[in-house]
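Take a look at the structure below.
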Amino acid sequence: MSQTYDLILRNGIVVTPNGTERTDIAVADGRIRAIGGLERASAAEEQDLRGLTVLPGVIDTQVHFREPGLEHKEDLASGTAGAAKGGVVAIFEMPNTKPSTTTADAINDKLARAKGRAWVDHAFFIGAAADNVAHLAEWERMPGCAGIKVFMGSSTGSLLVADDETLAAVLAQGWRRVAVHCEDEGRLAERKHLAVEAAHPRAHHQWRDAETALLATQRLVRLAEAARRRVHVLHVTTAEEMEFLAGHKDLATVETTPQHLTLAAPDCYERLGTLAQMNPPIREARHREALWAAIASGVVDVLGSDHAPHTLEEKGQPYPQSPSGMTGVQTLVPLMLDHVNHGRLSLERLVDLTSAGPARIYNIAGKGRIALGYDADFTVVDMRAERTITNDWIESRCGWTPFDGKTVTGWPVATIVRGRTVMREGQLLGAPVGEPVRFQESR
Ligand code: DOR
């Protein structure tokens, strides 16, 4: 008997847990219901994806979307529109908004704001601070909360857990994996004069040097071991941290970013000025090569874009008053497909880093693989399309990317969120359908 579904994707090259094969996928009620030759089945909507590749939906587990309080840089509508255009089906958003996301009310406020305005699925981190430690165990398990985020070094905003005592107290509260920005605040303060004296972003990676990152990562892992708490080290940028973290894979998962895999100092600062300024910094090529080695050896678990928009006017302030951060949610997939096409990693490893990895480390319910019963989230890509990344294409309210003018091979051509196509050929379709991401450890 032929069966009827809501959607059938036909003839795509599909990356499944079994390997990469040409097959069909059927969807009903937002979930994957059948995979295989579905010639006899029909659906309300059918898409012929001949020549295209179907990946499990890409999940970007580190973005800053600035709402509430800094909507002149970005908001949940523009940020998630950029995600959809870039082939990203879900985002985890960081707590350094204004006010900081440090209470249950603030998480609920973000969830309410996202309702009906977010183009993709979403979850929000709760920021750890000295005054909310006692509540973290309860709040980290709220529906729609991605977990706890700690800033060990100051960056954009005022969130900071600089001392070991408070950090140990945070790690003692709760069970879920804690995501941490590792730069040592004491060393940052001691060396700030280097940035002030140089008055040029080429000093950024000398001020916030490799030792600054390594010191914080080592302190974190030592305290996490004592607390027996799982941690996730965000945007790892140095060879030394990768070597250290390879020895602590039982406890610590590892993120790196497409921009740290693509750009290098000093060239990026000479070419892009403050547009290349972010924390932790883009470093010399020797570190970039170590990040690639850590991708190859399996030390890296996940890629996050650290999408952190600031307006061009803000970026135009003299360094180091200029804010740190660059856009990235929309360029993650194109940049990484280009790296796949250049033979730097396999398509299957990319899926491991952008779908399976996020699901595994954060215990996401029902996302991250193309398998029966999972959410029908797909990033459909044309591996042969040659396109140029331009500022015009960027949905972010700040309207720029450090990759303006870069030609890449491989491009996201459709984004499907729980069975609904929210982007096709660069156009947003329908209405924003994003919902909170579900977690196995939520209440
Ligand atoms: O460069 C950065 N910008 N690093 C961060 O940790 C924060 C981010 C932002 O929010 O601007």
Side-chain angles (χ1 to χ4, degrees), residues 60-76 78-79 82 91-102 110 124-125 127-129 146 148-162 178-185 188 192 195 201 203-205 207-209 212-213 216-217 220 232-238 241 255-260 262-263 265 268-269 272-283 304-315 317 319-329 331-332 396-398 400-402:
D60 185 347
T61 48
Q62 191 185 176
V63 303
H64 303 263
F65 282 170
R66 311 299 192 201
E67 183 179 346
L70 299 162
E71 289 91 342
H72 67 285
K73 299 177 196 270
E74 196 75 286
D75 66 20
L76 290 166
S78 60
I91 57 92
F92 291 4
E93 207 264 347
M94 287 294 165
N96 58 335
T97 41
K98 215 171 167 182
S100 303
T101 315
T102 53
K110 282 191 170 176
F124 298 102
F125 281 100
I148 299 166
K149 158 78 185 277
V150 174
F151 282 91
M152 290 177 72
S154 44
S155 193
T156 302
S158 56
L159 279 173
L160 186 62
V161 177
V178 180
V180 187
H181 178 132
C182 289
E183 287 187 285
D184 185 82
E185 183 63 14
L188 283 180
K192 175 85 191 263
H204 198 57
H205 68 110
W207 167 29
R208 308 179 84 108
D209 68 349
T212 302
T217 294
L220 171 71
H232 180 54
V233 188
L234 296 163
H235 39 40
V236 174
T237 57
T238 68
E241 285 171 287
E255 177 197 73
T256 195
T257 80
Q259 56 271 39
H260 289 98
T262 306
L263 301 173
C268 66
Y269 299 108
L272 298 164
T274 60
L275 299 187
Q277 177 193 338
M278 68 167 293
N279 305 330
I282 309 290
R283 305 188 188 281
S305 73
D306 195 11
H307 177 85
H310 299 284
T311 65
L312 284 173
E313 194 185 346
E314 290 162 339
K315 281 290 201 181
Q317 294 170 79
Y319 180 85
Q321 284 105 282
S322 45
S324 294
M326 56 179 73
T327 58
V329 70
T331 46
L332 184 155
S396 172
R397 192 153 284 171
C398 74
W400 62 272
T401 160

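Indexing begins at 1, ligand by ligand and atom by atom, following the structure's order. Given the structure is predicted, the values throughout are model-derived calculations rather than measurements.
- Protein residues with a heavy atom closer than 4.0 Å to ligand 1 are H64, R66, N96, F151, S155, T156, H181, M278, N279, D306, A308, H310, S324, G325, listed by chain and number.
- T327 places a side-chain heavy atom less than 4.5 Å from the side chain of P402.
- Between T257 and Q259, the side chains place a donor N or O and an acceptor N or O closer than 3.5 Å (distance only, hydrogens not considered).
- By the side chain to side chain contact (heavy atoms under 4.5 Å, CB included) test, K98 pairs with L70, sequence neighbours left out.
- Take E67 and apply the salt bridge (charged side-chain N to carboxylate O under 4.0 Å, His left out) test, not counting sequence neighbours, and it matches R113, R117.
- Using bins of under 30°, 30° to 60° and over 60° for the plane-to-plane angle, the ring pair H205/Y269 lands in the parallel bin.
- Applying the side chain to side chain donor-acceptor pair (under 3.5 Å) test to S324 and every residue at least two apart in sequence or in another chain returns Q277, N279.
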